[in-house]
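Inspection log for the structure reproduced underneath, given as structure tokens.
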Amino acid sequence: MMDDRTGVKAAKVCGAFVYTLLLALLLSVQFDFYYDLNDDTMIKDIVSGAYTGQPSGYCIQMLYPLAWCIALFYKAIPTVSWYGLFLCLCQFGVVFLIAARLLSVMQSARTRFVALAVEAFLVLGLFLREFVVVQYSVTSGFCMAGALFLFLTAPRTDKPSVFFRKNLLPLLLVVMSFMIRTEVCIMLLPFLLLAGLMKWCGEERFFTVVNFRKYITLIVTALLCMTAVYSLDLVAYRGSEWASFRSFFDARTKLYDFYGIPGFEDNRDFYESIGLSRESYTLLENYNFALDESIDTWRLESIVAYQEQLAGKGGLHDTFGFVSRNSVREALWKYRAQLWDNRSFASAAVIVMYLMYGILCVVPARGKQCAGGVLKILCVMAVRSVLWLYLCMVDRVLDRVTTPLLVMELVMLVSFFIDDFPRKESGAAFRKVKTLTGVLCIAGVLAVLTANQWEVQDEYGRRAAADARWNAMMDYCRKNGNNYYVIDVYSSTSYQGAPYSEKMFTDVDNSYKNFDLCGGWAANSPIARQKLERYRFRDIQGALCSGRTGRQAKAYFVVNVDKDLGWLIQYYAKRGITIELRRTDQIRTEAQEPAFDVYELVRK
């Protein structure tokens with residue numbers, strides 16, 4: 001008997017594996033996999049060794065233990081795109097785990113087919129872009145969503161040891177999410193805690209020693225694991241240079257991502273009090289702050305503190321000590337607009353799922369079951385509303401932030417639907433409603449699949465145009481390997497709305513890159529200084545205006561074609577250095593379209 005059960009379980013696992021493999025092959029045949037943003041390519045460059053010449057776990061955004069492990073693979077086989085492979089394995093691994101669980105919990109062949117078809121719709125329809133244009137924050141969200149689904153659909157048991165063993169995979173997924181993108185994991189934890197509370201409340205008796213052992217043990221273990229990997233990260237970055245940079249990084253994040261930079265003319269007295277000139281302020285505006293070594297941690301923290309002091313008087317708002325860009329009232333209006341965002345298929349799918357759960361699960365139920373369903377809906381809506389209001393208040397309603405929220409909410413509602421759907425027919429009226437709902441869902445699925453295919457294809461066309469320019473720039477730098485190139489930050493972000501990035505598995509080249517941005521989140525870090533030291537440069541400011549002496553490299557400035565660089569001349573003039581900008585070359589695509597200008601800074 002045990003052998004039969006083992007064989008059936010193995011068959012379901014194999015079926016889930018084949019199903020996931022087919023989805024992955026279908027996507028790989030139809031699309032190339034991209035890193036979404038230059039943030040992702042920067043992480044890849046650091047862990048692969050393309051940034052400094054040696055694979056490093058100090059990629060700043062991910063926790064060090066995970067980045068260190070990925071760097072080890074690059075040290076072993078440098079030609080493989082390990083970071084891209086890791087992100088894809090995480091995302092398709094979650095698809096596999098969910099498919100295996102669906103095959104396990106569904107009782108008939110028909111319901112299993114429907115369940116796998118729904119999952120395929122989520123992958124090929126709603127979240128097609130996220131699976132082929134991969135962003136590490138979204139990958140972290142997928143891991144959390146997988147943990148949520150596996151936890152909510154795990155079979156009930158009264159034995160604490162069995163309960164812990166059955167929830168080991170969700171635990172590992174949470175820890176993985178925490179290491180990939182800590183902020184996303186923490187943002188999504190309220191959904192997971194709500195799921196735990198609801199499952200605990202679903203036990204026959206709440207206050208029992210067994211239940212406390214089951215749930216508290218799982219929570220404590222998760223917290224201990226996250227504390228352990230975070231502690232390892234702190235130990236890795238404990239050096240004085242890294243500790244100073246982390247403070248700089250936090251201040252920079254607050255300033256750019258949450259508070260914004262106060263205008264110079266209206267706040268001239270403040271800027272003069274911290275020794276920041278108009279020319280240096282311009283570098284903060286155009287993100288080329290790495291050019292000026294005086295823009296240090298103290299000055300960034302001073303600007304942040306100044307913004308907090310002005311909260312309620314200027315552009316920022318102070319709500320009970322919480323500083324944000326939008327007031328609660330403004331956030332409510334933004335949240336209302338997001339609810340009816342007709343451009344987001346995922347938002348529409350969440351609304352449809354609320355309606356389906358209410359019509360097919362709550363309405364036919366009676367007594368405590370009906371009340372429990374209503375309570376679930378209210379609790380999920382409360383959690384999602386608080387999180388969305390927070391994002392609206394801090395003005396961080398970005399796709400890479402909101403997509404994990406929508407995925408978590410959708411997965412939680414689907415889990416409730418699986419658990420609470422009536423197993424017996426509830427009359428002719430219910431059967432008609434169920435049939436009508438199914439027909440409408442099929443029509444919606446076909447519409448979304450078609451629309452999303454067109455959207456992704458359109459984005460691929462725009463990315464191809466951006467790729468042609470970015471690849472031409474990288475090829476130019478490789479051909480001139482004895483030189484060093486500093487790229488204007490806003491010239492390195494996107495072209496006609498398509499971000500500059502790279503394909504994951506096509507033309508993989510992890511060799512050293514002899515260029516860097518003049519700002520960004522890795523600027524002024526120890527690894528950025530290590531990159532400069534490779535060419536015996538002390539800083540970017542000195543590198544750009546230093547002539548070639550002996551075998552020392554020459555540094556050039558790269559910008560978009562015909563971009564005004566008056567701010568660069570004024571910055572050096574403020575420091576008593578008169579320069580002339582001499583365009584030495586122009587980088588062109590294979591179609592001979594101008595892409596970037598290359599400038600030499602010549603002292604007069």
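- Considering only heavy atoms from C-beta on, Asn560 stays 4.5 Å or farther from Tyr495 through its side chain.
- For the atom pair Asn471 CG and Asp467 CG, the distance stands at 5.0 Å (nearest 0.5 Å).
- Take Phe264 and apply the ring-ring contact (aromatic ring centres under 6.0 Å, His included) test, not counting sequence neighbours, and it matches Tyr271, Tyr281.
- Donor-acceptor pairing under 3.5 Å is recorded for the side chains of Tyr335 and Arg384.
- Counting only N and O atoms by type, the side chains of Glu308 and Tyr259 include a donor and acceptor under 3.5 Å apart.
- The existence of a salt bridge linking Glu502 and Lys44 is confirmed by a sub-4.0 Å separation between a basic side-chain nitrogen and an acidic carboxylate oxygen.
- In this structure, Arg246 is not positioned above the aromatic face of Phe249 in the sense of NZ or CZ being under 6.0 Å from the six-membered ring centre and within 45° of the axis.
- Between the side chains of Arg396 and Ser324, no donor-acceptor pair is found at a separation under 3.5 Å.
- In plain terms, the two heavy atoms of Arg181 and Gln61 that are nearest each other are NH1-OE1, 2.9 Å.
- Closest non-hydrogen pair, Asp516 versus Tyr51, comes out as OD2-OH, 2.6 Å.
- Salt-bridge check for Asp45 with Lys513: passed, with a basic side-chain N closer than 4.0 Å to an acidic carboxylate O.
- The shortest heavy-atom contact between His317 and Ser327 is CD2-N, 3.4 Å.
- Listed here is the closest heavy atom pair of Val47 and Tyr83: CG2-CB, 4.2 Å.
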Worked verdict on Arg534 versus Asn514 for side chain to side chain contact (heavy atoms under 4.5 Å, CB included)
CA-CA 10 Å; Arg534 182 185 177 107; Asn514 59 325; over 6 Å; no
